[in-house]
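Read through the structure below, which is laid out as structure tokens, and then see the notes.
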Amino acid sequence: MARKVFIAGNWKMNKTAAETAVLCRALKEKFADICPCSVEVAVCPTFTSLSAAIAELKGTNIKVGAQNIHWADNGAFTGEISGAMLKELGVEYVIIGHSERRQYFGETDETVNKRLVAALRSGLKPIVCIGETLEEREGGKTEAVLEKQIKGAFVSIGADDFKKVVIAYEPVWAIGTGKTATPDMAQDTHAFIRKVLAGLYGAAAAEDTVIQYGGSMKPENSKELVAQKDIDGGLIGGAALKADSFYDLVKNAIG
Ligand code: PEP
């Protein structure tokens with residue numbers, strides 16, 4: 001089965017609901033000529049802007065995702081949001097284990113796994129983020145770190161559920177820094193990730209898994225990155241915050 005390119009914008013803690021509506025209106029216009037047969041596109045605004053995004057993007061080819069999910073369905077977890085709450089809004093995707101959550105909010109492989117279980121239970125499509133720090137890369141630990149993150153994330157996840165998961169490989173040193181992994185370097189790492197997935201779920205399932213690249217992807221480099229055999233799209237931060245750059249990035253990636 002050929003993998004479809006999937007490009008998602010992670011808006012992080014940017015855009016109020018009113019600003020979200022404006023950006024979504026611009027995206028709706030720009031993306032009208034992009035066929036969903038060639039690429040899956042999603043935007044992931046902050047929780048308070050999800051409703052505005054869903055309302056604006058209804059009936060378009062642009063999907064909406066959240067940036068986090070709690071592992072419980074409800075209960076005494078002040079400030080958290082459950083899968084059922086996201087699902088009721090009409091959210092389709094959810095980012096799990098972004099490096100900023102790992103770095104600033106105590107996310108671990110274990111909590112990534114719990115959130116992944118909850119997302120699947122709620123019928124959301126998870127985008128599981130993995131990636132090494134600069135220190136880990138320079139110390140020759142990239143593969144060991146990624147393998148540990150993958151194995152930790154997928155504890156107790158069965159083969160059927162695995163098919164619903166997207167992976168985002170995001171080298172931490174490339175996020176928001178303007179430094180991008182070279183296409184060759186990213187390809188080598190994506191191939192390694194697919195090998196680890198094959199060890200867990202078999203070669204066929206690993207072949208079908210969408211693995212996005214994230215880390216300073218922009219209109220100027222999306223074509224070369226997505227042209228790599230094992231790179232199936234991108235998770236985009238900065239370049240997703242403007243309709244023009246997000247559109248150009250997607251258009252170049254598939255063009
Ligand atoms: C991200 O935060 O997921 C990301 C890839 O950010 P940027 O594109 O800005 O590097």
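Both ligands and their constituent atoms are indexed starting at 1 by order of listing.
Using a 4.0 Å cut-off between charged nitrogen and carboxylate oxygen, Lys251 and Asp33 count as a salt-bridge pair.
Judged by distance alone, with hydrogens and angles left aside, the side-chain atoms of Tyr213 form a donor-acceptor pair with the main-chain N or O of Ala181 at under 3.5 Å.
The only option from Lys87, Lys164, Lys125 that meets the salt bridge (Lys or Arg N to Asp or Glu O under 4.0 Å) definition with Glu92 turns out to be Lys125.
Residues Ser216 and Thr180 have side chains that never bring a donor and an acceptor to within less than 3.5 angstrom of each other.
Clustering of Ile, Leu, Val, Met, Phe, Trp and Tyr by side-chain heavy atoms under 4.5 Å joins Val166 with Phe6, Tyr93, Ile95, Ile127, Val210, Leu235.
Residues with a heavy atom under 4.0 Å from ligand 1: Asn10, Lys12, His98, Glu170, Ala174, Ile175, Gly176, Gly214, Gly215, Ser216, Leu235, Ile236, Gly237, Gly238.
Within the model, atoms CD of Glu40 and CD of Gln212 stand 10.0 Å from one another, a figure rounded to the nearest 0.5 Å.
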